[in-house]
Amino acid sequence: MEPNVRTPRARPILDMNAYDAAGAAAGPAGSLLARRQANIGAASVLFYREPIEMVSARGCWMEAADGRRYLDFYNNVPSVGHAHPHVVEAIARQVSVLNIHTRYLNRWTEDYLDRLKATLPAALSNVVLTCTGSEANDLAMRIATEATGGQGFVVTEAAYHGNTLAVTGISPSALKRGALPTTVETVPAPGSAAYGNDVAGGFRAAVEGAVQRLAGRGVAPAALICDSIFSSDGVFADPPGFLAPAAQAIRAAGGLFIADEVQPGFARTGAAFWGFARHAVTPDIVTMGKPMANGYPMGGVAASPDLVARFCETVGYFNTFGGNPVAAAAGLAVLDVMEAEGLQENARVVGVHVLDRLRALSAQDPRITGVRGAGLFIGVDLCRPGDPGQPDPELTTTVINGLRDRCVLIGAAGRYGHTLKVRPPLCLTREEGDLFVDALADTLASQPPA
Ligand SMILES: Cc1ncc(COP(=O)(O)O)c(C=O)c1O
């Protein structure tokens, strides 16, 4: 091996751009940082070499305690914009009228579900509401195992699907050490690096291989579960349609196809309301969360009545807070805003503009070895100059902190932590997109290649 060629090391998603509590001072006694570390201990995860204290936010901007305003290119939860007045008003109004679990009838929950279902394939006409994406994926796993009799799951190499015991088991990117359960097999994310020119065929063959490896251990497949924009894998969007053959492959083996829409759902990819729709595939189960209620905790699982009924024959499911009237009011308000402000189209148009500008930047800077995405979900790979085989997570972290210094907030993704994850609120303007690309160019220029 050449001396300057390093073997890339897989990085857990929560370690990327994380404040290093062990390596840095905890701040003066009584400071917010010291109190945070004392209160939450090792479970505390903070961004940046120097964490930021936030005090308020509006639209695409967040304001910090030091008086600086930061352009938010990270947060996909306040998808219609931070503190959107229509959502704020809907939550405040509903919480002052009725907020109760769903074992009584209330019209807000059904109004919301009717509106939500109009965005989904007709076959998925039952929706179970939860509070988080993790709960939604946990439930989807249980529905799939019950329906198929299988226990096996196929996931991508750097997938993240949430934080329950079961869901952590299908989230390779959550692991710091140890191994995945023997019921789980991984496949490389669907990009040209792994599959060359035939991403669809290669990904399907990889899923078939994973099913065979499970069979070799006596495990039948329950499902292939994919984040349909492959966010933590590093954002893989093209060519549209590549998911369909893999979905066919898992079904041929007796498993289901679960689309995890927690990241790409709710219009983010611009081309469609759901990420799977870009791939012309109807999943057996769709899970959702994050942007669903713009920050009010809300998630959900959509499936056919048959799948839901089969699951409920064995075990009951009730979620105390899931789909309560306040969540429903918030969710409804999000759908209102998306429609009224044309946010799907905005994501498409502004997304193309940002992608074009990033591609132009990559043509000038050989450290940018890949720019991929759809709508306002874009991944930018940073590597040793001109060598996509040499990921540069250190440069990526430096760039993220450099952007912070220039008042732009962004995160990392990818198996090796070398992909900038570009994921602003959907109300982003072209001018705000330009501010980001200009700040990125300036940051890279301040870090000349070694
Ligand atoms: C693709 C994906 N699925 C599920 C989840 C879990 O969602 P939550 O954190 O709301 O439990 C996440 C969270 O980051 C995610 O990125």
Side-chain angles (χ1 to χ4, degrees), residues 11-18 43-45 47 74-79 128-144 153-175 184 186 189-190 223-237 243 257-266 268-269 274-276 278-279 283 285-302 319 321-323 327 330-331 334 373-379 410-415 417 419 421-423:
R11 297 192 179 215
I13 192 94
L14 290 179
D15 283 1
M16 293 175 198
N17 183 35
S44 165
V45 183
F47 280 150
Y74 180 84
N75 289 293
N76 60 342
V77 172
S79 204
V128 182
L129 293 172
T130 63
C131 303
T132 66
S134 300
E135 283 181 349
N137 282 331
D138 194 278
L139 178 57
M141 290 176 75
R142 294 171 68 192
I143 293 173
F153 287 88
V154 179
V155 296
T156 46
E157 271 171 358
Y160 180 78
H161 294 292
N163 60 20
T164 71
L165 179 61
V167 176
T168 299
I170 59 161
S171 299
S173 170
L175 279 190
V184 178
T186 65
L224 164 69
I225 175 165
C226 296
D227 163 352
S228 65
I229 195 78
F230 299 89
S231 153
S232 57
D233 281 286
V235 187
F236 293 90
L243 271 177
F257 173 57
I258 303 173
D260 178 341
E261 292 288 326
V262 166
Q263 296 267 358
F266 292 89
R268 177 156 291 278
T269 64
W274 299 105
F276 63 78
R278 286 183 68 251
H279 293 287
I285 304 178
V286 172
T287 61
M288 59 195 86
K290 287 190 192 285
M292 201 168 176
N294 217 47
Y296 191 91
M298 195 175 197
V301 180
N319 192 314
F321 300 111
V334 165
L376 285 172
F377 212 134
I378 300 170
I410 198 169
R415 189 161 186 225
T419 306
K421 192 165 56 175
V422 179
R423 207 181 46 178

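Counting starts at 1 for both ligands and their atoms, following the listed order.
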*Asks:* Near ligand 1, which protein residues have a heavy atom under 4.0 Å away?
*Replies:*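 Heavy-atom contacts below 4.0 Å: T132, G133, S134, N137, Y160, H161, G162, D227, D260, V262, Q263, K290.
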*Asks:* If we ignore hydrogens and angles and just use 3.5 Å, is the side chain of E261 paired with the main-chain N or O of F276 as donor and acceptor?
*Replies:*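 Yes, E261 side chain to F276 backbone: donor-acceptor pair under 3.5 Å.
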*Asks:* Taking only residues two or more places apart in sequence, or in another chain, which ones meet F153 in a ring-ring contact (aromatic ring centres under 6.0 Å, His included)?
*Replies:*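 Applying ring-ring contact (aromatic ring centres under 6.0 Å, His included) to F153 gives none.
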*Asks:* Give a yes or no on whether the backbone of H161 and the side-chain of N137 come within a donor-acceptor separation of less than 3.5 Å.
*Replies:*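 Between the backbone of H161 and the side chain of N137 there is a qualifying donor-acceptor contact (under 3.5 Å).
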*Asks:* List the atom of L129, the atom of N319, and the distance in Å for their closest heavy-atom pair.
*Replies:*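 For L129 and N319, the tightest heavy-atom pair comes out as O-CB, 3.9 Å.
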*Asks:* What closest approach, in Å, do A259 and P283 show between heavy atoms, and which atom pair accounts for it?
*Replies:*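 Where A259 meets P283 most closely, the heavy atoms are CB-CG, 3.6 Å.
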*Asks:* Taking all heavy atoms of L243 and all of S228, pick out the closest pair and write down the distance.
*Replies:*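 Minimum heavy-atom separation between L243 and S228: CD1-CB, 3.9 Å.
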